[in-house]
Structure formats: C-alpha cells, structure tokens
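Working notes, beginning with the structure itself.
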Number of protein chains: 4
Amino acid sequence: MKGVKSKRMPRAVRERQMMDAAVQTFGQRGYRAASMDEIAELAGVSKPLVYLYLNSKEELFTACIRREAAALIAAVEAAVEPGLPADRQLWAGLAAFFTHTAEHPDGWAVLHQQARTHGEPFALEVAAMRDEIVTFVTGLIATAAREAGAARQDPELADRDVAGLAQALVGAAESLAGWMNQTGAVSAKEAAATLMNFAWMGLGELMKGERWSSR
Amino acid sequence: MKGVKSKRMPRAVRERQMMDAAVQTFGQRGYRAASMDEIAELAGVSKPLVYLYLNSKEELFTACIRREAAALIAAVEAAVEPGLPADRQLWAGLAAFFTHTAEHPDGWAVLHQQARTHGEPFALEVAAMRDEIVTFVTGLIATAAREAGAARQDPELADRDVAGLAQALVGAAESLAGWMNQTGAVSAKEAAATLMNFAWMGLGELMKGERWSSR
Amino acid sequence: MKGVKSKRMPRAVRERQMMDAAVQTFGQRGYRAASMDEIAELAGVSKPLVYLYLNSKEELFTACIRREAAALIAAVEAAVEPGLPADRQLWAGLAAFFTHTAEHPDGWAVLHQQARTHGEPFALEVAAMRDEIVTFVTGLIATAAREAGAARQDPELADRDVAGLAQALVGAAESLAGWMNQTGAVSAKEAAATLMNFAWMGLGELMKGERWSSR
Amino acid sequence: MKGVKSKRMPRAVRERQMMDAAVQTFGQRGYRAASMDEIAELAGVSKPLVYLYLNSKEELFTACIRREAAALIAAVEAAVEPGLPADRQLWAGLAAFFTHTAEHPDGWAVLHQQARTHGEPFALEVAAMRDEIVTFVTGLIATAAREAGAARQDPELADRDVAGLAQALVGAAESLAGWMNQTGAVSAKEAAATLMNFAWMGLGELMKGERWSSR
DNA sequence: GATGAATGAGGGTTCATTCAT
DNA sequence: AATGAATGAACCCTCATTCAT
C-alpha cells in the first residue's frame, strides 16, 4: 500500500537480489570502492537489511566469491562429457569457460580481479576454485598422454611438467577471458580455438619428446 | 642524532623513498586500501611532504605506474640482443621479464593488478606499456616466420594471427608471473622454459599449417 | 536518560537545528573559518549526520542564505500594508528591516557580510534577494512621486534616478543595520527614523527639482 | 647570477612587495582563503622571508589594514581644502573617497569586507579609521550648521543627531563604494553627486526644523 | 639577505556499522 | 520482515609555521 516497491519477500529472494547487486557493484567498482549504500540501493533494500542477512561487507564479498566460483565451475563441468577424448573435453571446457565469463563479466571481475587483490582471506577463496580447475585440466593432460598410449615417446613428461602446463594453460585462458571482456575483440568460441591451436599442438610436440632449448 | 631517521635530504632522494614506499603499499594493499598516511610513514616522512612532492594520491599512483613500467621495459630491453635469432631473443626477454617481476613483486602487482582495476586513466597508462611489449613480441614472431624462410608452408598465417598469438603469449606470461609471485612454485628460468616449450613449439606447428580442429 | 541531548528526532527537526547552528557559526566566524565540526557540535549532532542531511558545506551555506533571505523578505512584507501612503509603507518596511536584522544578527551577517565575500554562487543568491527589496523600494518612490501628483515640479526625475535613489536608500539601510548590530548604538526604530529624516525629505526636495551643485 | 629574478633588495622594498601581494590576495580571496604560499609567490619571495619580515599571517593582515586605512585617510584629507565652505569640503572628500576606493579595490575590500568579518582584533583596527572619518564628517555638518548661522531655525538639532547623520552618511558612502566596485555602474564623481543630492538637501530641511513623522 | 626542506594540526568528506522502532 | 536515525573512525588534502644552511 506504500507504492510499487515490492515488500515482504521471502528471505531467499531478497538475498539473491542483494548478492546480484553486490556482484555487480564489486565487479564494477572494486571491493573498496563499492559502498554498502550503493549495494543496498541497487538491491532496492535498506542498508540494515543487508546487514541482517549478510552480516558484513567482508562476508558479503566472500559470499559473492563463493557463489560466482561455484557458478563458473558448474558451467564448465556441465559442458564436459566425461566419455569424450581429452582434447574434446578440454575444448568443451574452454568454450564453456569463455562463454560463462563473457555472460557474467561482473562475476568474473569479482573472481579474477577483485578477490585476488584484497588480502589473503579472499585470495584463498578464489585460489581453491582455481585449483579445482587446474586439477581438472591436469587430469585431462594426463589422460591425453595415456591416450597417446603406445605412441608415447617421452616417458620423462613428469607429473611436475604436466602441472606446470596446466597452470600455463589456465593462466592463458584467464588472461584471454579478461582480454575478451575488456576489448570484445573475439568471441568465446574463437578464444577457445585460439588457445587450442596455440597450446595443444605444442603439447603434442612435447609428448613426442621435443623440447625447446636455449642453447 | 635523533635516531636512524636521517633528516634534510635532497628532494630527489626523498622522492625516490616515497615512491618506493608507495609502490610497496599500493602493490600490497591496493590503490584504494593504501592510505597516504601509511605510505608517508613507510617512507619515513610526514604526509604533507608527500603531497608537496607528489601532489595527490592519483598523481602518486600514476608516477608509480610509470616508473615501474619503465623499469620493466628497460629490464626486458636490456636483456634482448637484437642480433640473435628470434627464439633466442624471445627466450631472453621472457627470462628477463620473469626475473624482473620476481624481484619487484610489488611493482608488478601495481602494474598487473592494481592499475588495471582502478579506472581508465590508470588502465591506459599500463595499456601503453603492454602494447609496447606486445608489439615487440609480434615483431619477434614475424621475424621467426621470416627466418623459417623457404620452409614456410603456411602462407595464411596472416598478420592478424600473429597479433593474436602475441596477445596470448604475453597474457600467458603475465599470468605465469602472477602465479610465480603468489605461490613461488617455480623459478624465473623455469617459467621461461615452460612458456617456450608450451608455446614456441606449437607456434612451429602452426607455421607448418597444422591446426587443431574440434571436429 | 543520558542527559539533555535528546536522541532520535524526526529529520525536519534535526535539519532545523543544524541550520540554526550553521547560521550562528557562519555569521560569527565567517564561511571559511566555520568548521563543520563546530556546527555539528553546536547542533548537538555528529558530523556525518550534517552531511547526510545537508550534503556539503557549500550546500549548507546556500541553504542558510536562502532561509535567512526568505525570512527577512517575509518579515518586511508582513509589515507593509499595501493600502497605506508610500512614506508610511517605507517607514514600516524600514522598521521591520531594522527589527528583523537586530533580532537575527547572525542571519544578517550571513547575508550581508559572508555571502557577498565568498564567490559568485553565494553572492548571486543574495543579490537576488537584494534586487527584490530594491524593486520594492523603487516602487514606493515611484508611487510617492505619483502621489505628489499635481505638485510634481520635476518631470525629469527619470526612472534611472529613481532606481539610483532606491539603491542608495537600501545601501544606507544595510549599512546602518550593520552599524547597529556591531555597536548597538541605536534601536531599530531610531535607525528607521534617522533614515526617513535623512533621505525622505531630501527626496522631497529632489522631486521639487532642487539639486545640489558643486559649482 | 642565478637568473632574472631580482635578489638582495633593501628591506623596505621587499616589504612593500610583500604587502602589495598580501593586499591583493586578501582582497580577492578573503583572509582565510588567502594562503601564505600564494602571497609569497605573488611577491616573488620565499615564504620564510615573509615570516622574517612580517612575523605571522595575523600581523601581515593587520599591517595591510593599517597601510590601506592610512592611504585612504590620506587621500581624503589631501582633497579637502580647509578654507572652503562645508558642503564643498564634503563634496571634495566624498569624491576623493570614491576615487580612491575605485583605484584601490583590493585595499578597499580588505578594509570593508575582510577586516570586519574576521574577529575583533581586525574589526577594531578598521573601526578606528572609520571613526576618524565619521568625526571629520560630523565636524563638517556642525560647521555647516554654524555657517547656516542666523538662518538656523532648529536649536534642537543636537550633537547626537549630528553624529547619527554622519554615521548614516558615511555608511551610505561605504555602501555606494562597494556597489561601484562590484558593478561598475557609476563613476566616482557620479557617486559623490548622487550622495550629495540624496543627503545634503534633506540635511538642509532638517536644519530648518523639518522632520518626517510616522504619525 | 634568503631559502629548500620539513611538519603538527586541522578541515571536509565518506563509510561500515548499529540502534530503536 | 524491514527501516529511519545516527555515529566512530578514517581518509585525502591544505595550511601556517619553523629549522638548518
């Protein structure tokens, strides 16, 4: 009876509105520059309610990180069919990653730019998610090596190398995602293709025992 | 006679102390979270002096970005001998890049994490430096293609592809540098080697006309 | 129960308290010398609340100017009965003016001394009010001339002269008001009488065509 | 040998430069808004020298008030020939007053606007000068009354009335001077003529015993 | 006679957070 | 379930003022 502004909504809904507003604000302004005032207003809610549901700015930020990380992981996992060959799995995962980050730029900014820049507690939160992905990629590379089977000519492609490669691959993907969001130069599929071309084939060479040497 | 805190130093020296303190503080806390009070204290100076010499937080930050960017570019350029083959040049540049970022983690954090996250004026400052590096790498790749000379089997490796590859390579390097700084898992040389293996060989394949295909 | 400082008051009330404190402080200290801290304390309120309601020192000052200007105009208008002869109207207006400025010395100081000394935006605000008064006085003089009717011997007392006279009259009144407030030498009624004697009679001479000449 | 900037000037000259700069800055910015930095720079001198010669901002301001007050008084006194009739003396004094204030707007602003707005010590300084002028004008009116001699029909034009008239006259002149400086609407001679017309003739009536009465 | 180097103190403004209803 | 009212603590910045040379 007070106007159009909705009132008395179930807690879950209100909470989602707040977190949506928070992700958007944190993603665009950064953690420090985002104000609780702005978030509350964007959520169409009074500030005390934000505190009632989410306790503090830190907890709110953490909740955002967790939600966005989970959503990203879920998107990637949903895209990967376990039965396929490793390269096809990697391709699918990369495409899903680029698609998701392109569709949720604020969420991705929270994870990639903000969370890592504002102290250990947040950085650890995001590092956990990143590890999950790296582990997944590591597994794919190992599987690829196994699939290469008899053809495997380099028994020295040690676990440690595989881990490093996965890190580099994920890092390159993250960097490309940021570039995409900021410049809009390429589509998600193109980004995935570029990365596969750029990396997978070098990977193949590596597995054949080739190495670049500075000497 | 008051302690170690020496007084009355020439302006240039004080200015350097302040910028050292600023880079450290900005790098660790972030632009917004860093306080001028903290920077002044870390520099062993009163706050007004910081303003007298550096004018404002924004200008101080910009000065930091410029100094660190120039130092990074200088380190890479100093390491590259123009006479060498392209792959050797790239290797030297990468090694210098990883070494420099490892030795100046706060400076790198300022450039890579903070400057890009806090508004256009700062982001443009860094983008200029990045472009310089990307251009340099693009040149190296083009040279490599030329050196591959008669052996070149893919006349379709167009300029656009070369640029994309340079972007991806630089992005991967940036990402790896961040990973190094945060986890300390690998040394600068190892990082450079990983990247050369990961990318250069794939590059070779690409130049031979090979492509990964999702079909 | 904590003392006299009552808490939790409706916004309108608090706002008035703040503006009262602001007028007093601005009037006594001047715009620059007045500190928001002092105003807040005098209002019995924390500084952030002042900003929450009044936004900034500039806006607060502007609000003070507007409120005091409106109050002064209202006091003068309330005292003037439109039906009376012009000289009686002028007398009533002057008396009300002197009474009001004597009763609200800080408000008058804000209008007359502070607002005109601190930059265009503020000065324009007061100039608008002053123009309103000058226009009113100009009307009275014109009416007086008309009332002088047949007796009017100087058809050359042009509009321009009337306007100049009004300016001088208002200026003299303003100056007298300041003198009253600062020295307390005369009462409001005395000031009004002095001015009527001083000016109105000379005005009569002027309308008869008399002029003082330096030759 | 250091450049064009003059050096090693006799103290008196330097001091005058500083006070010129100070009057200009105080007049335009106001006492609080004027910074010692700005004054020193405008004077072409280092800040410590300003302190060496003039001790503090307050003393510098006081010195400005005194110098400008003395100059104004001197200008008025120089214009008045004691032998002339009172009205001619008053005319000459007013003309000199308006001319001087028009030629030294910053000095006049310091006296009229700034000095009265920033606390007792300064206000008293300027009140002293004002009293000097008021006393002078009071004397002129008294003389005029005496000159009116036999014609004098009002033995009740008491000293107190004369003083009040002088105050009003001076006040009106001050107000007109401010209006001139701010709008440039009239010349000094015009302002003097307006005031003589406006006031002197009413004065004549008064001396004839006429009074305006509210009844 | 003159200055480069330096600071204590304070002012305007904002923000995360809470209380009373 | 929800909010209007309110604040402690900081933060950026400036200024009058002083040493040491």
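Heavy atoms only: backbone and side chains are in, while hydrogens, waters and symmetry mates are out. Being a predicted model, the structure only gives us computed values, none of them experimental. Convention: sequence-line order gives letters A, B, ...; per-chain numbering from 1.
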Under-4.0 Å side-chain N/O to phosphate OP1/OP2 contact, A:R14 with F:dA1: no
C:Y53, nearest nucleotide to its side chain (from E:dA5, E:dA2, F:dA5): F:dA5
Separation of atom CE in B:M9 from atom P in E:dA6, rounded to whole Å: 8 Å
For C:R29, salt bridge (charged side-chain N to carboxylate O under 4.0 Å, His left out) partners two or more places apart: C:E38
Set of salt bridge (charged side-chain N to carboxylate O under 4.0 Å, His left out) partners for A:D106, sequence neighbours left out: none
Side chain to side chain contact (heavy atoms under 4.5 Å, CB included) partners of B:E125, counting only residues at least two apart: B:T62, B:I65, B:R66
Contacts of type side-chain hydrogen bond (donor to acceptor under 3.5 Å, both in side chains), residue C:K47, not counting sequence neighbours: C:D37
Spacing of B:E15 atom CD relative to E:dA5 atom C1', expressed in whole Å: 13 Å
For C:Q24, all residues meeting side-chain hydrogen bond (donor to acceptor under 3.5 Å, both in side chains), sequence neighbours excluded: none
For atom CD of D:E38 and atom C1' of F:dA16, their distance in whole Å: 14 Å
Minimum-distance nucleotide to C:L49 side chain [options: E:dT7, F:dT3, F:dT7]: F:dT7
Nearest-angstrom distance from the residue atom CD1 of B:I39 to P of F:dC13: 11 Å
Sub-4.0 Å heavy-atom contacts from residues 116-125 of chain C onto DNA chain F, ordered by number: none
Those residues that, when tested against A:E41, pass side-chain hydrogen bond (donor to acceptor under 3.5 Å, both in side chains) (two or more places apart): none
Interatomic distance, C:L54 atom CG to C:M19 atom CE [nearest 0.5 angstrom]: 6.5 Å
Distance test, side-chain N/O of A:R11 to OP1/OP2 of F:dA1, below 4.0 Å: no
Aromatic A:Y53 / basic A:R11 pairing, under 6.0 angstrom, 45° off normal: yes
Those residues that, when tested against D:L124, pass side chain to side chain contact (heavy atoms under 4.5 Å, CB included) (two or more places apart): D:E120
Sequence-distant partners of B:H118, side chain to side chain contact (heavy atoms under 4.5 Å, CB included), two or more places apart: B:Y31, B:R32, B:Q114, B:F122
A:W108 ring center within less than 6.0 Å of A:H104 ring center: no
Bend angle of the helix from E:dA2-F:dT21 to E:dT21-F:dA2, end axes from five pairs each (to 10°): 30°
Heavy-atom closest pair, residues B:G27 and B:A109: O-CB, 3.7 Å
Spatial distance of atom OG1 (D:T25) from atom CE (D:M36) [nearest 0.5 Å]: 10.5 Å
Contact letters for nucleotides 16-21 of chain E, in which S counts primed atoms plus P, OP1 and OP2 and B counts the base, heavy atoms under 4.0 Å: SBBBS-
Heavy-atom closest pair, residues D:H112 and D:R116: O-CD, 3.0 Å
For DNA chain E, the residues among residues 18-27 of chain D that have a non-hydrogen atom under 4.0 Å from it: none
Separation of atom CG in A:L54 from atom P in F:dA2, rounded to whole Å: 13 Å
